[in-house]
There are 2 protein chains.
Amino acid sequence: MNNNLSRVKISDIAQRAGVSTGTVDRVIHNRGEVSKKTRDKVLRILEELNYQPDILASTLASKKVFRIAALIPEAGTTNLFWNAPLAGLQEAWREIKHFGVSLDTFFFKHDDVLSFEKQFDRIIGIEPDGLLVSPIFADQAKKRLFTLKDLDIPVVFINSNIEDQQNIAFVGQDTRQSGMVAARLLDYSLNSGESISIINFISETGGNHHILSREEGFRYYFEPTTSNRQINTTNIYTQEEQKIEEVLTKAIGTDSPRAITKGVFVTNSRVFKVANYLKKHNIQNVILIGYDLLECNIDYLRNNYIDFLISQNPWEQGYKSLMALFNSRIMKKEIVKNQFLPIDIITKENIDYYLNN
Amino acid sequence: MNNNLSRVKISDIAQRAGVSTGTVDRVIHNRGEVSKKTRDKVLRILEELNYQPDILASTLASKKVFRIAALIPEAGTTNLFWNAPLAGLQEAWREIKHFGVSLDTFFFKHDDVLSFEKQFDRIIGIEPDGLLVSPIFADQAKKRLFTLKDLDIPVVFINSNIEDQQNIAFVGQDTRQSGMVAARLLDYSLNSGESISIINFISETGGNHHILSREEGFRYYFEPTTSNRQINTTNIYTQEEQKIEEVLTKAIGTDSPRAITKGVFVTNSRVFKVANYLKKHNIQNVILIGYDLLECNIDYLRNNYIDFLISQNPWEQGYKSLMALFNSRIMKKEIVKNQFLPIDIITKENIDYYLNN
DNA sequence: TTAATTTCCGTGTGCGCACACGGAAATATT
DNA sequence: AATATTTCCGTGTGCGCACACGGAAATTAA
């Protein structure tokens, strides 16, 4: 490149091996039509001189486009979380597109396993060079991973993980540990003996792994201690506002038999529903903690109805997923398989510094 | 590049303007030797067709090296914080070096203004294409910024800011706001009426702006409320361990007249000294909060002597500073001037996810 | 043994841009 | 008006690599 003395070129390898640069190219790219003797000699010299290709020149000369497909939930008005990973994906693509990368994004409905399957099969049909997928519906995803492996299509999981698969990377948060963080915050914030309510907004079509895992971590925090805290779980299955209100009244309301509930842990981003309830009923002195920097959650945080939000770094999830695939397959770098993102604790005082992306 | 139908090339501009590609190049790069009539025509077509240069081809063809100098405190054994920004700088450079970027890092002693001046003047002497500097000694830095401006050398501030300067970016934390975060955490963790000690480890050679700013933010948090908390400040000027112990005994020890101190806010990374004191004297039930993920601080956090650490994202400070200069001057992108990093709240439960860099 | 096919390899071209060189035209000086 | 100088512009080369093409050599089939 610019420092000719320190950068090994294909022509240096060719000269050393006594062959042409065309032959070196054939060896590097496994194009065949090279004798074993010549091939071994070239490989040895490549290693000796630690040849590193000039990615700029390579991309300029190559006609090849690395086509990446992404399969994520569509955001819409009921699933705002997924706007941020999409934005992260798009920014990452903007940074790397001049290396010959194309990105096609496919969406499925968060609560609709059939749309997940349909879109996944469409993607398999176009045989991309790489895939990013949020495998919320784990069984259906698993079935298709074999096909992807046969087609030699590398896969990165984003936000949800499936253990023991051949994905090259997972990018997301350690959900169980995030529950422990929530527990720590509530434990510190409450007086001795004050009890806690866990609120789970459950989807009936599956994909609740995160919620269960967070609760598990939360409860695990209190296990080893001789804690005198009572912890009660309430599962909310309905989407009807009136029904939700009834359940919350029973769980944390002033009519509740658990009238000493002073801390509430909501295991997903719908914490705004609880905040709304507290506001409506003028319930004070309850510490409320939930997930994700949705606009409505941020409003309640700024107005002291939510005390802490735990951010999953959704933008970074999108960004880092695409960068993992790029670094692995184009830059040929080693990548870490499980890329856990920070478990960010957000308060009214630091929220502004998490909104850049 | 790879998609010839959608990418405007210099040859397209040349054809449209009825000139050669050499002329278009001369216009793009302001090389002169082009008539005004021709120049205006080419510029109009460049804008019409929204020409975007192929950075890959440009770098490959160009012999130019963009030389960046960085001036930061040396880490050593007493200033471990600065290892992380250095690592961030080096990683950023690894990612962009193939675009023809070189990086020379210069160090000054954190408490030695003369070494700062000497190194700064050395840098001016080599006339780099860009400079990253931690302007801890603000007056001395200011004097040299005029020279840099005359030489048309763009400057990025890292970790410390100086207002109203011609730096193209500042990358660091909002220190005052981080004090408010600390206040929030202690306010929640302590019972009503329990008092708080602020501990400032002061350097006698200057560079205490961060410490003062953090205290200011902390106190500001409690101002608007009818808080019944007593907040006491103790400044520690000495480096002698015995002296430090005496001062801490007076401030927070069991012999202290302020025996009801239950929360301690240390305004920099030397929080380990207070943690050590608490451990040594078997003082329990004190909530301790300080800054930075130094190894010793992390140990005390894991062992429950420190309750919260506030991370300044030092690695990202280095990384983003270099990327700001790169994006501004090489990629020709607009950049944000004040790039405040997140104010990360670290507990024993989430520390592991902040150690990747 | 001869002809057909495959393997092997070198050579040439082009990706989009940077930029040096030199001839022609325009301008300034004598 | 003749000469010298400057401006203007087109042309050619090369950056490091990808990869197609074709001639020579080796191998296989008849």
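Here is how names work: the chains are called A, B, and so on, in the same order as the sequence lines, proteins then strands, and each is numbered from 1. The figures here come from the full heavy-atom set of this structure, side chains too, leaving out hydrogens, waters and symmetry mates. Keep in mind the model is a prediction, meaning the values are calculated, not measured.
Within the structure, a side-chain polar atom (N or O) of A:Tyr51 is placed less than 4.0 Å from OP1 or OP2 of D:dC17. Contact annotation: B:His29 side-chain N/O to C:dA18 OP1/OP2 distance is under 4.0 Å. Not one side-chain nitrogen or oxygen of A:Ser62 sits closer than 4.0 Å to the OP1 or OP2 atom of D:dA18. Applying the 4.0 Å criterion to OP1 and OP2 of D:dC8, one finds that B:Thr23 has every side-chain N and O outside that range. For C:dC9, one of the phosphate oxygens OP1 or OP2 lies less than 4.0 angstrom from a side-chain nitrogen or oxygen of A:Ser35. Applying the 4.0 Å criterion to OP1 and OP2 of D:dG16, one finds that A:Ser58 has every side-chain N and O outside that range.
Of the listed nucleotides (D:dG16, D:dA18, C:dG16), D:dG16 has the atom at the smallest distance from the side chain of A:Lys9. Side-chain atoms of A:Arg31 lie closest to D:dA18 of the nucleotides D:dA18, C:dC19, D:dC15. Of the candidate nucleotides C:dA18, D:dA18, C:dG16, D:dA18 has the atom nearest to the side chain of A:Asp25. Comparing D:dG16, D:dG10, D:dC19 by their nearest atom to the side chain of A:Leu60 picks out D:dG16.
Counting to the nearest Å, the C1' atom of D:dG14 and the NZ atom of B:Lys64 are 19 Å from each other. Taking atom CZ on A:Arg7 and atom C1' on D:dC15, their separation rounds to 12 Å, with Å as the unit. Separating the NE2 atom of A:His98 from the P atom of C:dC17 is a distance of 13 Å, rounded to the nearest angstrom. Per the geometry, CD1 belonging to A:Ile28 stands 7 Å off P belonging to D:dC17, to the nearest Å. In this structure, CD of A:Glu33 is placed 6 Å from P of C:dC8, rounded to the nearest angstrom. The interatomic distance linking B:Asp12 (CG) with C:dG16 (P) rounds to 9 Å, in whole Å. Rounded to an integer number of Å, the gap from NZ of A:Lys36 to C1' of C:dT7 is 16 Å. Across the protein-nucleic acid pair, B:Leu56 atom CG and D:dA18 atom P stand 13 Å apart, rounded to whole Å.
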Kindly determine whether A:Arg144 and A:Glu117 satisfy salt bridge (charged side-chain N to carboxylate O under 4.0 Å, His left out), including the steps that lead there. CA-CA 9 Å; A:Arg144 288 161 179 79; A:Glu117 288 182 293; 3.5 Å; yes

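With hydrogens and angles left out, the side-chain atoms of A:Ser62 and A:Thr59 include no donor and acceptor closer than 3.5 Å. Defined by atom type and a distance below 3.5 Å, a donor-acceptor pair is present between the side-chain atoms of B:Tyr319 and B:Glu95.
If you check every strand for non-hydrogen atoms under 4.0 Å, B:Thr38 touches sugar and phosphate atoms only.
The environment of B:Lys118 atom NZ is sparse: at most 12 non-hydrogen atoms of other residues, nucleotides or ligands sit within 6.0 angstrom.
Judged by distance alone, the side chain of A:Asp54 and the main-chain N or O of A:Ala57 form a donor-acceptor pair under 3.5 Å.
The residue among B:Arg39 and B:Ala57 whose nearest nucleotide of DNA chain D lies closer to the 5′ end is B:Arg39. Checking B:Arg26 against B:Ala61, the closest nucleotide of DNA chain C that is more toward the 5' end is the one next to B:Ala61.
A salt bridge is absent between A:Asp40 and A:Arg44; no separation between the charged side-chain nitrogens and carboxylate oxygens falls under 4.0 Å.
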